[in-house]
Each structure stands twice: as structure tokens, then as C-alpha cells.
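Before any comments, here is the structure.
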Amino acid sequence: MGKFMSRAGMKRAALGALIGLSVAAAGCDEGDVEAVPVEGVVAGLDVTNARLVLPPVSGNPAAVYFDVAYNGERGVSISGAEVAGAASAAVHDMMEYNFEMTMAEAGPIALPGGESKSFEPGGLHVMAFELGEGFEAGGTAEVTLRISGGQTHTFEAEIREAGEER
């Protein structure tokens with residue numbers, strides 16, 4: 001084959017392109033809406049009742065609690081968390097170690113389609129370490145869940161004082 005396409009080859013290529021465009025256009029009408037992924041939101045993942053509870057002693061970590069439900073077809077897993085304005089954050093759970101209950105960093109949290117989990121005191125929760133300025137009761141904190149595979153899901157959590165309902 002040479003560098004240049006024959007006149008017949010160019011006509012076939014142009015005809016193929018026109019047929020391809022016609023087929024693509026025929027599949028579209030004004031009622032079709034293509035799903036566009038939204039940065040920081042996992043389709044089917046719903047976070048409710050989110051709250052960040054400030055530590056009773058300044059300098060200690062804060063805790064983030066929430067309920068999460070997933071209604072997607074394929075399961076997801078929560079592999080970590082971030083809290084904007086905190087030096088770091090980690091998903092923790094209570095577990096038995098050496099015949100005692102202790103808190104430790106959790107592995108990935110599986111969330112099959114149609115299921116929900118509660119991140120609550122005495123169970124799963126997010127610890128936010130070294131809070132920066134601006135964390136005040138009555139405000140909100142931006143929390144991001146890292147999803148295995150690279151997605152993220154960001155939501156707002158109400159900030160509460162240490163003594164308030166967790």
C-alpha cells in the first residue's frame with residue numbers, strides 16, 4: 001500500500017463515515033440523556049445522618065459517623081477516608097485482640113448492592129487526626145470516602161461538640 005488512498009478508497013471511507021454518523025444520530029432523540037459521571041460522587045451510594053464529633057480534649061482526634069447505603073448493580077468497597085482540613089483520617093473498627101476489644105484501622109469495607117452499613121460509636125467510624133482551624137460546632141466538614149478502584153464519594157458532615165449526641 002502506498003502513502004496515498006485511491007479515489008475509490010476515499011469514497012468508501014467517506015461513505016463509511018457518513019453511515020456511521022447516520023447510525024449514531026438515529027440512536028439519539030431529545031428524550032435520551034446520557035449519564036455523565038460526577039466528580040466525587042459514586043452513583044448509587046447514599047450517605048445520610050453524617051456528623052463529625054469534636055474531641056473532648058483539643059489535639060485529640062475527632063470521630064465521623066454516618067449511615068451509608070449502596071443501590072448499584074456491582075458491589076463497592078470503602079478503602080479509606082479523608083476529612084478536609086485534617087492532617088489525616090482513617091476508617092476504624094472495633095475488634096478483639098488478645099481477648100480484649102480494641103480499636104484498629106479497618107480493612108476494606110464491602111458494600112454489596114442493596115445493602116447499607118452504619119458508621120457509629122462502638123463500631124465502624126472515621127477518625128480525623130490533627131484538625132486544622134475552622135472546625136466549630138454548628139458548621140460542616142467535608143468528608144471523602146475512597147472507594148476501591150479509585151473512585152471517591154464526598155459529602156458534608158454536621159460538626160457537633162464532644163458532649164452532643166453522637
Look up atom [atom1] in [X] and atom [atom2] in [Y], then write down how far apart they are to the nearest 0.5 Å.
X	Y	atom1	atom2	value
N60	L131	CG	CG	10.0 Å
M95	H92	CE	NE2	9.0 Å
E156	R51	CD	CZ	15.5 Å
L52	E142	CG	CD	12.5 Å
E136	L54	CD	CG	9.0 Å
L124	F66	CG	CZ	8.0 Å

Spell out, as yes or no, whether a donor-acceptor pair under 3.5 Å connects the side chain of R146 to the backbone of T152. no
Donor-acceptor pair, R74 side chain versus G72 backbone, under 3.5 Å? no
When hydrophobic residues are tied together by side-chain contacts of less than 4.5 Å, even through go-betweens, does V64 share a cluster with I78? yes
For the hydrophobic clusters of this structure (ILVMFWY residues joined by side-chain heavy atoms under 4.5 Å, transitively), does one cluster hold both F129 and L145? no
Please give me the minimum heavy-atom distance between [X] and [Y], naming the atom from each residue.
X	Y	value
P61	P55	O-CB, 3.3 Å
A110	S77	CA-CB, 4.0 Å
F135	G85	CE1-O, 3.6 Å
D93	G123	OD1-C, 3.4 Å

So T154 and V41, side chain to side chain contact (heavy atoms under 4.5 Å, CB included) or not? Walk me through it. CA-CA 6 Å; T154 301; V41 175; over 6 Å; no
Taking the side chain as everything from C-beta on, heavy atoms only, tell me whether [X] gets closer than 4.5 Å to [Y].
X	Y	value
N71	D46	no
F155	V68	no
L45	L111	yes
M103	M127	yes
H153	V47	yes
E105	V91	no

Are more than 12 heavy atoms from other residues, nucleotides or ligands located less than 6.0 Å from atom CD of E120?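 Atom CD in E120 is packed in, count exceeds 12.
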Is there a donor-acceptor contact under 3.5 Å linking the side chains of E82 and T144?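 There is no such pair (donor and acceptor under 3.5 Å, judged by atom type) between the side chains of E82 and T144.
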Tell me whether the rings of H125 and Y65 are parallel (<30°), tilted (30 to 60°) or perpendicular (>60°).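 Plane angle between 30° and 60°, so tilted.
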